[in-house]
Amino acid sequence: MRWSRYFLPTLREVPAEAEVISHQLMVRAGMIRKLAAGIYSYLPFGLRALKKVREIIREEMNRKGALEVYLPVVQPAEIWQESGRWQLYGKELLRFKDRHARDFCLGPTHEEVITDIVRKEVKSYRQLPLNLYQIQTKFRDEVRPRFGLMRGREFEMKDAYSFDKDEEGANKSYQDMYDAYCRIFERCDLNFRAVEADTGPIGGSYSHEFMVLADTGEDIVVGCDTCSYAANMEKAEVRRESIETQGVEMKELEKIYTPQVKTIQDLTTFLSAKPDQMVKTLIFQVDGRPVAALVRGDHEINPVKLKNLLGADVVEMADEETVRRITGAPIGFTGPVGLKGIEIIADFAVQGMVNFITGANEVDRHLKNVNLNRDFKVDRFADIRQAMEGDLCPRCETGRLKITRGIEVGHVFKLGTKYSKAMGATFLDADGKEKYIIMGCYGIGVGRTVAAAIEQNHDENGIIWPFPIAPFHVLILPVNMTDSRMVETAEKIYQELLAEGVEVLLDDRDERPGAKFKDADLIGIPLRITVGNLAVSEGKVEIKFRKTGEVEKVPVNEVTQRIKAILSAQLK
RNA sequence: CGGGGCGUAGCGCAGUUUGGUUUAGCGCGCGUGCCUUGGGAGCACGAGGUCCCCGGUUCAAAUCCGGGCGCCCCGACCA
């Protein structure tokens with residue numbers, strides 16, 4: 001491709017609206033342009049990167065025997081009503097009516113469509129297992145789209161759905177996809193971790209998220225510094241620390257006056273005590289009934305854990321009025337002592353505490369030297385808090401947990417029979433009995449993967465494409481377009497590389513060298529061939545690696561061979 | 001959905017507080033010519049605007065008032 005005939009509009013300045021580096025660079029490097037909030041066009045250069053990722057995904061999906069399909073973006077309300085999600089999905093589901101006033105939506109995901117196809121076509125266990133996937137546009141009307149392609153409303157997603165006759169088969173399907181995902185992200189040269197994720201109330205199922213590690217990520221990743229344990233914040237387990245409390249004397253319970261002291265922070269200052277000597281009592285509404293949850297003052301409650309523990313559908317913080325009704329005091333003075341008619345659940349860490357501080361269920365009062373069993377009873381101890389940096393690893397003996405940020409690029413999920421039951425997708429098994437198909441679903445954000453790759457591979461000058469997803473592998477840069485010898489040399493190399501099938505971009509623009517070099521760094525093509533004075537004087541050109549800055553001086557007639565050698569090594 | 005910010009040429013911005021001295025500006029980019037060619041050169045000339053939209057106040061509105069729309073950030077939310 002000749003740059004002069006290409007559509008690659010680069011920007012010198014950072015667009016005001018772009019906050020994160022990947023977004024800035026994708027706009028500056030002429031990859032994308034915004035049409036509306038969370039809705040982007042891909043320009044040719046950006047599309048080439050997207051296609052590279054698509055192709056890697058296809059190869060790995062096909063390798064596992066998944067079959068590509070292409071499902072509609074516009075979907076009728078009926079199948080969503082059947083699955084129950086027409087009601088449940090909320091405003092993220094963009095709905096509209098056609099000319100006959102029939103209800104439709106733009107597909108945010110495709111479980112309904114695929115289940116509809118499979119229930120109609122699959123009748124026998126002989127047709128299973130089956131794995132169907134597509135790479136296609138999704139639309140989710142996000143409340144707040146942000147960070148360019150990171151959280152768009154319209155975005156490209158690879159979604160796969162597996163169908164199996166039994167648990168064993170479903171587990172294998174899941175593992176196949178897990179393995180495929182690892183290969184895909186490895187091939188994209190991403191530093192990622194597969195983390196355990198919460199599955200919600202479906203039960204018995206499990207799920208992993210594939211997180212690309214990046215400071216700008218929206219998700220929190222909890223990982224062990226020693227073993228391979230990793231989970232997202234919702235799911236991350238905490239190991240019980242055994243604390244010796246035997247022999248510590250219980251002091252006498254004491255009520256203290258604490259005017260306007262409502263938070264742990266306030267208490268810390270007011271009593272000059274440490275947060276880990278306090279117990280936070282939080283009132284939750286769990287499917288409509290109140291529950292008190294106790295965690296140590298320096299810990300945060302994890303509502304998802306509470307929800308799973310109680311097998312509840314909805315867990316939310318109680319409002320001011322409810323708290324008053326139950327505790328007799330405003331928010332900020334809640335404590336477990338004297339609470340009646342309410343289940344009390346405490347985090348394991350509370351179990352090892354003696355003589356701690358809690359709210360007194362009375363305005364401007366707290367209690368000191370509170371003790372378990374003597375002053376109140378806990379109905380259940382459980383792991384209900386969020387993991388913290390430095391916590392013991394729940395899996396290995398010596399590890400400590402570390403907290404990092406990540407970008408979720410993929411998610412594998414065992415669905416079980418949720419959709420097959422809702423929509424009646426059954427098959428006749430070998431034993432002659434009708435059974436529900438066991439499903440799994442597996443998604444990858446294609447555009448988000450590209451953005452994540454940039455987030456992880458750039459420097460102050462621009463993008464540094466990993467070879468496997470680079471829009472072009474080689475950029476030829478003739479320094480002076482008015483020097484016919486340089487132009488001819490560049491042209492010769494360009495033709496040779498083209499003939500060899502190398503993906504090459506020739507910067508034949510009549511720009512000054514400085515501008516060309518800046519653009520070259522910005523768009524980040526992994527190899528740059530500089531055709532300059534050396535080509536005229538010694539018949540040599542420079543091959544520069546964008547990533548390392550390393551430069552090789554190579555005779556013009558050896559360039560093509562050298563490039564081929566580098567590419568075959570890099571692309572394996 | 002709560003809080004904050006922004007909207008002036010393709011991009012980045014000044015001007016708005018205190019209405020008129022601005023014929024609406026600056027830098028970059030864009031076009032033409034000269035000159036220059038190893039890290040975003042220089043000179044000259046030039047094109048390019050519904051100052052987000054609608055309404056109001058006023059002799060006079062980019063500027064003040066009311067309403068609307070759009071975009072960005074924080075939070076909540078996110079099968």
Side-chain angles (χ1 to χ4, degrees), chain A residues 9-20 23-24 27-28 30 33-40 80 83-93 107-112 115 138 140-148 150-153 155 157 159 161 197-202 205 207 209 216 218-219 232 234 303-304 316-317 408 411-416 418-419 422 439-443 445 460-462 477-487 507 509-522 528-537 541-542 544 549 551:
Chain A
T10 56
L11 261 45
R12 191 167 174 163
E13 288 178 270
V14 180
E17 66 186 28
E19 185 80 1
V20 299
H23 187 197
Q24 294 177 357
V27 175
R28 286 190 59 209
R33 289 293 184 264
K34 185 176 71 187
L35 181 64
I39 302 180
Y40 289 84
W80 286 81
S83 73
R85 290 208 287 186
W86 187 258
Q87 302 300 328
L88 290 176
Y89 214 102
K91 287 186 180 171
E92 241 179 73
L93 185 64
T109 172
H110 283 72
E111 281 84 5
E112 281 79 2
T115 306
K138 300 279 186 272
R140 295 182 186 175
D141 201 357
E142 296 279 350
V143 212
R144 176 142 106 89
R146 59 183 131 178
F147 303 156
M150 287 293 190
R151 179 176 288 275
R153 292 196 289 170
F155 59 98
M157 183 173 174
D159 46 324
Y161 305 89
D198 182 69
T199 55
I202 297 169
S205 301
S207 167
E209 290 172 349
T216 48
E218 290 188 88
D219 299 288
N232 69 14
E234 288 185 344
V304 174
E316 52 193 7
M317 293 285 288
E408 184 190 341
H411 198 164
V412 292
F413 201 110
K414 245 187 94 178
L415 286 175
K418 176 175 174 169
Y419 293 94
M439 290 173 59
C441 71
Y442 318 92
E460 64 281 8
N461 295 314
L477 193 155
V479 167
N480 182 349
M481 289 304 288
T482 61
D483 185 321
S484 60
R485 289 163 302 182
M486 288 186 199
V487 172
D507 190 353
R509 297 173 303 164
D510 187 13
E511 290 287 343
R512 291 176 56 85
K516 287 188 172 189
F517 286 130
K518 287 290 183 193
D519 270 347
D521 288 344
L522 173 62
R528 184 181 91 195
I529 301 175
T530 312
V531 183
N533 293 328
L534 213 57
V536 176
S537 59
V541 296
E542 293 157 28
K544 182 170 184 180
V551 175

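Chain identifiers are assigned alphabetically (A, B, ...) following the order of the sequence lines, protein sequences preceding nucleic acid strands; residue numbering begins at 1 within each chain.
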Contact class for Lys516(A) vs. all strands (heavy atom < 4.0 Å): base, sugar-phosphate, or nothing? nothing

Quick one: does Asp141(A)'s side chain get under 4.5 Å of Lys91(A)'s, heavy atoms only? no

Remember a base hit wins even if backbone is also touched, and classify Lys544(A) as base, sugar-phosphate or nothing at under 4.0 Å, heavy atoms. base

With both distances kept under 3.5 Å, what pairs with G12(B), Watson-Crick or G-U wobble? C26(B)

Nucleotide forming a Watson-Crick or wobble pair with C1(B), both distances under 3.5 Å: G75(B)

What is the separation between atom CZ on Arg85(A) and atom P on C78(B), rounded to the nearest whole Å? 15 Å

Quote, to the nearest angstrom, the C1' distance that separates G7(B) from A79(B). 36 Å

For the pair Glu19(A) and Arg146(A), find out whether any cationic side-chain nitrogen is under 4.0 Å from an anionic carboxylate oxygen. no

Heavy atoms of Ala422(A) and Ser83(A) approach each other most closely as CB-CA, 4.0 Å

Base, sugar-phosphate, or nothing: which does Tyr419(A) touch, judged by heavy atoms less than 4.0 Å apart? nothing

Once you apply the 3.5 Å cut-off to both distances, tell me the Watson-Crick or G-U wobble partner of G55(B), or none. C65(B)

Closest to side chain of Val143(A), choosing from G39(B), A79(B), C77(B): C77(B)

Where the side chain of Arg146(A) is concerned, which of A79(B), C71(B), G75(B) is the nearest nucleotide? G75(B)

Which is true for Arg28(A) with a 4.0 Å heavy-atom rule: it touches a base, it touches only sugar-phosphate, or it touches nothing? base

Please name the nucleotide paired to A60(B) by Watson-Crick or G-U wobble geometry with both distances under 3.5 Å, or report none. none

Could you state the atom-to-atom distance from CD of Glu142(A) to P of C71(B) in whole Å? 15 Å

Pairwise C1' distance for C69(B) and G55(B), with rounding to whole Å: 14 Å

Under 3.5 Å donor-acceptor, Tyr89(A) side chain and Gly84(A) backbone: no

Can you tell me which nucleotide in G75(B), A79(B), C71(B) comes closest to the side chain of Arg144(A)? G75(B)

Whole angstrom is fine here: how far is it from CZ in Arg151(A) over to P in C72(B)? 14 Å

Can you check the distance between U16(B) and U8(B), where both ends of the measurement are the C1' atom (answer in whole Å)? 11 Å

May I ask which nucleotide in the shown strands pairs with C6(B), Watson-Crick or G-U wobble, both distances under 3.5 Å? G70(B)

Decide yes or no for Glu17(A) and Lys34(A): does some side-chain heavy atom of the first lie under 4.5 Å from some side-chain heavy atom of the second? yes

Could you give the distance separating C26(B) and G49(B) at their P atoms, to the nearest angstrom? 15 Å

If the sugar-phosphate is the primed atoms plus P, OP1 and OP2 and the base is the rest, what is the B/S/- string for nucleotides 25-38 of chain B, using protein heavy atoms under 4.0 Å? --BSS------BBB

Classify Ala36(A) by what it touches in the nucleic acid, base, sugar-phosphate, or nothing, heavy-atom distance under 4.0 Å. sugar-phosphate

Quantified in whole Å, what is the C1' atom distance between nucleotide U57(B) and nucleotide G66(B)? 11 Å

Check the distance between G40(B)'s P and Leu477(A)'s CG and give it to me in whole angstrom. 13 Å

Mapping Arg140(A) and Asn461(A) to their closest nucleotides on RNA chain B, which lands nearer the 5' end? Asn461(A)

Spacing of Asp519(A) atom CG and Arg12(A) atom CZ [to the nearest 0.5 Å]: 10.0 Å

Quote, to the nearest angstrom, the C1' distance that separates C51(B) from C59(B). 22 Å

Watson-Crick or G-U wobble partner of A44(B), both distances under 3.5 Å: U32(B)

Find the distance Asp141(A):CG to C77(B):P and express it as a whole number of Å. 18 Å

Selection from G39(B), G40(B), C78(B) that lies nearest to any side-chain heavy atom of Asp521(A): G39(B)

What's the shortest heavy-atom distance between Pro9(A) and Arg33(A), and which atoms? O-NH2, 3.1 Å

Heavy-atom pair with the smallest gap, counting every atom of Met486(A) and Pro478(A): O-CB, 4.5 Å

Compare side-chain N and O positions of Lys418(A) against OP1 and OP2 of A79(B) and report whether any pair is under 4.0 Å apart. no

Whole angstrom value for the distance that separates C1' of C77(B) from CG of Leu88(A): 16 Å

If I pick the C1' atom on C28(B) and the same atom on A9(B), what distance separates them, to the nearest angstrom? 12 Å

Tell me whether Glu111(A) is salt-bridged to Arg85(A), with the criterion being a basic N under 4.0 Å from an acidic carboxylate O. yes

Walking RNA chain B from its 5' end, the first of Asp219(A) and Leu11(A) to be reached, judged by nearest nucleotide, is Leu11(A)

Counting only heavy atoms not in Arg485(A) (residues, nucleotides, ligands), do more than 12 fall under 6.0 Å from its CZ? no

In whole Å, what separates the P atom of U63(B) from that of U18(B)? 14 Å

From NE2 of His23(A) over to P of C11(B), roughly how many Å is that when rounded to an integer? 13 Å

Considering every strand and a 4.0 Å limit on heavy-atom distances, what is the contact class for Asp519(A): base, sugar-phosphate, or nothing? base

Starting from C1' on G5(B), measure out to CD on Glu17(A) and report it in whole angstrom. 14 Å

